[in-house]
Amino acid sequence: MAMSFEWPWQYRFPPFFTLQPNVDTRQKQLAAWCSLVLSFCRLHKQSSMTVMEAQESPLFNNVKLQRKLPVESIQIVLEELRKKGNLEWLDKNKSSFLIMWRRPEEWGKLIYQWVSRSGQNNSVFTLYELTNGEDTEDEEFHGLDEATLLRALQALQQEHKAEIITISDGRGVKFF
């Protein structure tokens, strides 16, 4: 089920690739960029990248228009996503980041709904089974990266719905 990505109208508009000086216009532009980044990463199940990878990806580089959002502007868009809770910097230099098109609590809720729906409460899973197992193939969290999965499970642990445990071949989780 390959889905094609539908670029927003702004992506075909050259001024979109230059942050606008007018405050109102800039706020709308940043909101459009944030929405675009989250939609693009969600479709491509992309959860982490570097700022340089981002600049070269179709996301910030419209080859057809020969326009590219400058690195400084990309940093501003990414910082906006961080303020909204959709991005976490992975290093002090802010050169690589984790993009969360769903917040950890939302992932946790989806995982717990699957656990409950499939009657798996009081079961133990390896992290690999949860994101790569046959039982979860049709679930949105299938293929989720480990860093995001751990954040989701930590959120469930805070709600006393799960406990992250150490098992012989790594980490696992017990659901309640």
I'd like to know if [Y] and [X] are part of one continuous hydrophobic network [Ile/Leu/Val/Met/Phe/Trp/Tyr, side-chain heavy atoms within less than 4.5 Å].
X	Y	result
Phe5	Leu65	yes
Val51	Leu81	yes
Ile167	Phe175	no
Phe97	Val71	yes

For atom [atom1] of [X], decide whether the heavy atoms of other residues, nucleotides or ligands shown that lie under 6.0 angstrom number more than 12.
X	atom1	result
Arg151	CZ	yes
Lys45	NZ	yes
Tyr128	OH	no
Glu6	CD	no
Arg171	CZ	no
Asp91	CG	yes

**OP:** Walk me through it: do Glu106 and Trp101 pass the test side chain to side chain donor-acceptor pair (under 3.5 Å)?
**Re:** CA-CA 10 Å; Glu106 296 172 62; Trp101 26 278; over 6 Å; no
**OP:** Kindly say whether the aromatic ring centers of Phe16 and Trp33 come within a distance under 6.0 Å.
**Re:** yes
Subject >> Candidate pair Phe141 and Thr148, rule side chain to side chain contact (heavy atoms under 4.5 Å, CB included), full reasoning >> reply: CA-CA 10 Å; Phe141 59 85; Thr148 306; over 6 Å; no
**OP:** Report yes if the side chains of Leu110 and Arg102 come closer than 4.5 Å at any heavy-atom pair, otherwise no.
**Re:**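 When only atoms from C-beta onward are counted, Arg102 and Leu110 do touch, with a gap below 4.5 Å.
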To the nearest 0.5 Å, tell me how far [X] [atom1] sits from [Y] [atom2].
X	Y	atom1	atom2	value
Leu78	Asn86	CG	CG	11.5 Å
Gln75	Glu80	CD	CD	13.5 Å
Glu88	Ser96	CD	OG	10.5 Å
Ile76	Gln29	CD1	CD	10.0 Å
Leu130	Leu144	CG	CG	9.5 Å
Leu156	Tyr112	CG	OH	8.0 Å

Keeping [X] on the side-chain end and [Y] on the backbone end, is there a donor-acceptor pair under 3.5 Å?
X	Y	answer
Thr136	Glu139	no
Gln20	Thr18	yes
Asn121	Phe176	yes

Original post:
Between Val173 and Leu149, is a side chain to side chain contact (heavy atoms under 4.5 Å, CB included) present by the stated rule, with each step listed?
Top reply: CA-CA 11 Å; Val173 60; Leu149 174 64; over 6 Å; no
Subject >> Pair Leu150-Leu127, side chain to side chain contact (heavy atoms under 4.5 Å, CB included): steps then yes or no >> reply: CA-CA 8 Å; Leu150 280 169; Leu127 301 187; 3.9 Å; yes
Subject >> Reference residue Val77; test side-chain contact (heavy atoms from CB on, under 4.5 Å); the match among Leu69, Leu59, Leu36 >> reply: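 Going through the options one by one, the only one that passes is Leu69.
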**OP:** Take Gln46 and Ser57 through the side chain to side chain contact (heavy atoms under 4.5 Å, CB included) test and state the conclusion after the steps.
**Re:** CA-CA 12 Å; Gln46 191 156 12; Ser57 86; over 6 Å; no
Original post:
How far apart are the closest heavy atoms of Asn62 and Tyr11, and which atoms are they?
Top reply: ND2-O, 2.8 Å
**OP:** Check the side chains of Trp89 and Glu79 for a donor-acceptor pair under 3.5 angstrom, ignoring hydrogens and angles.
**Re:**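 Glu79 vs Trp89: donor-acceptor pair found between side chains.
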Original post:
Less than 4.0 Å between a side-chain N and a carboxylate O, is that true for Lys109 and Glu159?
Top reply: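 Looking at Lys109 together with Glu159, the answer is no, because their closest N to O distance does not fall below 4.0 Å.
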